[in-house]
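Working notes for the structure below.
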Amino acid sequence: MKDPQNTVVFPQVVTQGTNEQKKQAFFQVLASIPVGRVTSYGKIAELSGMGRGARLVGRWLGQLPEDTRLPWHRVLNSQGKLSLPADSPSGSEQRARLLAEGVLVRDGRVNLRQYGWP
DNA sequence: CTTATGACGTGGT
DNA sequence: AACCACGCCATAA
């Protein structure tokens with residue numbers, strides 16, 4: 001996959017297939033997280049046919065270009081905590097973006113009961 | 001082919 | 001709740 005910049009035509013969610021297809025599915029799922037909602041690495045992995053590949057989701061998110069339009073900031077860990085260091089540039093960016101779209105972030109975490117997706 | 005590496009998850013202390 | 005030890009799995013070396 002070469003274009004994570006929202007120009008890709010997202011296919012249907014796959015539950016099995018080549019790694020390329022899984023990666024495409026990953027982009028599709030990521031792109032479909034609604035504004036003001038959040039999900040976890042594990043959930044994305046599951047929905048993308050990667051089973052327990054939560055760490056892969058994190059790895060791929062980290063490889064997104066800096067100017068990507070995909071909502072990487074809506075991905076948290078299974079506890080609802082932000083995984084990026086709070087003091088890092090990306091960490092504060094994530095927090096700022098979430099707050100900007102109405103997601104309450106308190107002590108580096110979010111209430112999944114309230115903002116979790118799906 | 002074998003190891004190491006993660007924006008992780010889970011179960012046990 | 002916080003920590004830890006393992007398990008996971010595509011990728012890179």
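Order of the sequence lines sets the chain letters (A, B, ...), proteins ahead of strands, with each chain counted from 1. Fair warning: this is a prediction, and the values are worked out from it, not measured in the lab.
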Pair A/Gln94-A/Trp72, side chain to side chain contact (heavy atoms under 4.5 Å, CB included): steps then yes or no: CA-CA 8 Å; A/Gln94 178 173 36; A/Trp72 55 270; 3.7 Å; yes
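- Counted within 6.0 Å of CZ on A/Arg97, heavy atoms from surrounding residues, nucleotides or ligands total more than 12; the atom is thus considered enclosed.
- Among the heavy atoms of the strands lying under 4.0 Å from A/Gly62 is at least one base atom, whether or not backbone atoms are also near.
- With rounding to whole Å, A/Ile44 atom CD1 is found 17 Å from C/dA10 atom P.
- If you check distances only, the side chain of A/Arg52 never reaches the base of C/dC8 with a donor-acceptor pair under 3.5 Å.
- Taking atom CD of A/Glu66 as the reference point, atom P of B/dA7 lies 15 Å away to the nearest angstrom.
- Counting to the nearest Å, the P atom of B/dG6 and the CG atom of A/Leu64 are 17 Å from each other.
- Using atom C1' as the reference point in both C/dA13 and B/dA7, the two lie 22 Å apart (nearest Å).
- Regarding A/Gln63, its CD atom lies at a distance of 14 Å from the C1' atom of C/dC9, rounded to whole Å.
- For the pair A/Leu56 and A/Tyr41, the minimum side-chain heavy-atom distance is 4.5 Å or more.
- For the pair A/Arg109 and A/Gly53, nearest-nucleotide mapping onto DNA chain C gives the more 5' position to A/Arg109.
- If you check residues 73-106 of chain A against DNA chain B, the residues with a heavy atom closer than 4.0 Å are A/Asn77, A/Ser78, A/Ser83, A/Leu84, listed by number.
- If you take CG of A/Leu70 and C1' of B/dA7, they are 15 Å apart, rounded to a whole angstrom.
- Hydrophobic clustering keeps A/Val38 apart from A/Leu47 (ILVMFWY residues linked when any side-chain heavy atoms are closer than 4.5 Å, directly or through intermediates).
- A side chain to side chain contact (heavy atoms under 4.5 Å, CB included) with A/Arg74 is found for one member of A/Val35, A/Val103, A/Ile44, A/Leu30 and no other, namely A/Val35.
- Salt bridge absent: A/Glu20 and A/Lys23 never bring a charged side-chain N and a carboxylate O closer than 4.0 Å.
- One atom, CZ of A/Arg55, and another, P of C/dC6, lie 14 Å apart when rounded to the nearest Å.
- Note: CG (A/Asp107) to P (C/dA1) measures 11 Å, nearest angstrom.
- With DNA chain B read from its 5' end, the first of the two nearest nucleotides for A/Leu56 and A/Lys43 is the one closest to A/Leu56.
- Counting heavy atoms from C-beta on, the side chains of A/Arg109 and A/Leu82 never come closer than 4.5 Å.
- A/Arg59 contributes a side-chain N or O that forms a donor-acceptor pair with the base of B/dT5 under 3.5 Å.
- Separating the CH2 atom of A/Trp72 from the P atom of B/dA7 is a distance of 14 Å, rounded to the nearest angstrom.
- Distances shorter than 4.0 Å separate some side-chain N or O of A/Lys22 from OP1 or OP2 on C/dA10.
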